[in-house]
Amino acid sequence: MSVFNSISYKNIARRPGRTIILVLLSALLCFSVTGGSLAITGLKEGLISLRSRLGADVMVVPYAATTKTNFSNMILQGNPGYFYMDRSILDKIKDMDGIKEISEQYFLASAKAGCCSAKLQIIGFDPETDFTIKPWVKESYDGRLGKFEMLVGNDLNAFAGDTLTFYGKVCTVKGKLKKTGTYLDTAVYLSIDSVKALLKSAEETGMVTNNNGDPDKLTSCILINVADGYTPLDVMSEINIKTRGVEAIQTQDMISGVAGQLESASRIISVLIIAIWLLAILILILAFTMIANERKKEFAILRVLGSSRKMVAGIILKEALMVNFIGSVAGAFAAIVAVLLVGEVSLTTFDLPFLLPGADKVALLALITVAASVAAGCLASSLSALKTSKIDTALILREGN
């Protein structure tokens, strides 16, 4: 027999108001579980991506930069900003023991309205020595960047062969990076020489006033991977002792603060999921119980017409299955849309990395939560189904008279 011709379907179609309320309750249950689970997953994936994206054991920056309130967000998340130190420090550090890989980066914030195609962070790097950016390239890239050629973050609507204008200079996209879940997804990456040329162009056109000195004698950040037999602490301590005006930082220490924030956010979300889950199940139990009490005469008539106790209970459970399935699917879909928006909010409001897993994992999680929500809804209705199946038919019909 077709579902649409079944007694259960006709019952829920005949009472649209009641059905809509039950659907909304089921949607709330699935929305909370799906949305909360995706939010926690996105935050954790964002932290993993952040760890991988830094790709260096030790970072050396100007000491004055570490005193800025937005320093951590600038380094970890790619918030637009810049700072500089004497480039001779790079040559000095190169000769120290315990260094396996070393590379530099040069920051330039494209922030002045009208100067550029977009407001974003411009990062100069050395393609020859880089070990933190190239591993994230998604499209074909031969490892070389010509003058005013660039790699772009995943969220920028630009692809290989496209052009963007910065400070009056046309730059060509050479490749695109994988998504990181941070503001680095809207950054662009050029060779250091190209970035310095952009800065000089900005100075010449009056778009930027540079009071930091000759760009050719400056750098922003030095990234270091430690050699075997040494620890990041060994290298960091030597740099801090022997080099003045800079601060060597262990990248893991920087991430620990973000990790703490994410852990707190995850705990809060988990508590909210449990609270909403329990409340929704309780409300569903009460709703199904009240509905069953209102329909006692209906079920008694079914019994008189020959329906067994099992058949009556089955009708109630089938109704609950249909209603909860519709609500759960709607709740899961709404949760996915909401979490996509929350991801942007976590960056712009809380400066937390957020990266959803692939579509296949999102779909799998949604299926699991839909199944769990439907099961919970059916469990809530099973109590009233069991009670209804045991009604005294004669007594109920006499009450009706």
Side-chain angles (χ1 to χ4, degrees), residues 47 50-79 81-109 121-136 180 182 184 187 189-193 195-196 199 210-260 353:
L47 181 60
L50 184 59
R51 285 195 178 107
S52 301
R53 176 63 186 81
L54 283 177
D57 299 323
V58 176
M59 181 179 297
V60 182
V61 296
Y63 175 77
T66 62
T67 63
K68 296 182 179 181
T69 56
N70 65 337
F71 169 73
S72 204
N73 289 333
M74 194 186 306
I75 292 295
L76 295 178
Q77 304 265 33
N79 294 36
Y82 57 90
F83 47 77
Y84 304 108
M85 59 187 174
D86 195 317
R87 193 174 182 277
S88 62
I89 294 171
L90 174 63
D91 297 324
K92 185 175 182 179
I93 293 176
K94 279 181 181 178
D95 298 329
M96 293 183 180
D97 295 331
I99 295 179
K100 177 183 178 181
E101 296 176 294
I102 185 168
S103 188
E104 63 175 315
Q105 291 185 354
Y106 192 98
F107 301 153
L108 175 62
Q121 178 79 345
I122 301 173
I123 300 175
F125 72 105
D126 184 354
E128 299 296 325
T129 61
D130 172 70
F131 55 89
T132 63
I133 295 174
K134 287 190 290 186
W136 286 80
T180 68
T182 69
L184 292 169
Y189 305 81
L190 299 91
S191 68
I192 290 177
D193 289 340
V195 173
K196 291 179 177 179
L199 180 56
N210 179 28
N211 298 319
N212 298 288
D214 185 355
D216 293 329
K217 296 180 180 180
L218 300 173
T219 192
S220 295
C221 175
I222 299 171
L223 301 169
I224 298 169
N225 266 343
V226 176
D228 295 338
Y230 293 85
T231 67
L233 185 59
D234 295 333
V235 175
M236 183 178 70
S237 299
E238 185 176 6
I239 293 172
N240 286 334
I241 291 171
K242 295 184 178 180
T243 311
R244 300 182 62 182
V246 301
E247 182 80 9
I249 305 167
Q250 193 171 346
T251 53
Q252 189 60 43
D253 292 340
M254 297 182 66
I255 293 176
S256 62
V258 178

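Fair warning: this is a prediction, and the values are worked out from it, not measured in the lab.
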Check: Do T219 and E104 meet the criterion of a side-chain donor-acceptor pair at a distance under 3.5 Å?
Finding: yes
Note to self: Less than 3.5 Å apart, any donor N or O on the side chain of D86 or S88 sitting next to an acceptor on the other?
What the structure shows: yes
Kindly compute the distance separating [atom1] ([X]) from [atom2] ([Y]), expressed to the nearest 0.5 Å.
X	Y	atom1	atom2	value
I249	N240	CD1	CG	8.5 Å
L90	L218	CG	CG	12.5 Å
L190	K196	CG	NZ	13.5 Å
I224	Y230	CD1	OH	13.5 Å
I239	E247	CD1	CD	10.5 Å
F125	L223	CZ	CG	12.0 Å

Closest heavy-atom pair and its distance - [X], [Y]:
X	Y	result
M236	L233	CE-CD1, 3.3 Å
I102	I93	CD1-CG2, 3.8 Å
P215	L199	CG-CD2, 3.7 Å
M96	T243	CE-OG1, 3.5 Å
P62	S220	CD-O, 3.5 Å
V195	G124	CG2-CA, 3.4 Å

Next item on the list: Assess whether side chain to side chain contact (heavy atoms under 4.5 Å, CB included) is satisfied between D57 and V235, documenting all intermediate values.
Entry: CA-CA 9 Å; D57 299 323; V235 175; over 6 Å; no
Checklist line | Validation row: I123, F107 side chains within 4.5 angstrom (heavy atoms) | finding: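 The answer is yes; the side chains approach within 4.5 Å.
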Checklist line | Listed once per pair and sorted, the salt bridge (Lys or Arg N to Asp or Glu O under 4.0 Å) pairs that draw on residues 222-246, sequence neighbours left out | finding: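 For residues 222-246, and leaving out neighbouring residues, the salt bridge (Lys or Arg N to Asp or Glu O under 4.0 Å) pairs sorted by first residue read E238-K242.
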Notebook entry, point to check: Does the ring centre of Y106 sit less than 6.0 Å away from the ring centre of Y84?
Noted result: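 Judged by ring-centre distance (under 6.0 Å), Y84 and Y106 do meet the cut-off.
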Item checked: side chain to side chain contact (heavy atoms under 4.5 Å, CB included), paired with I222, selected from K94, R87, M85 ->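 Only match with I222 under side chain to side chain contact (heavy atoms under 4.5 Å, CB included): M85.
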Note to self: List the residues meeting side chain to side chain donor-acceptor pair (under 3.5 Å) with D95, not counting sequence neighbours, and say none if there are none.
What the structure shows: none
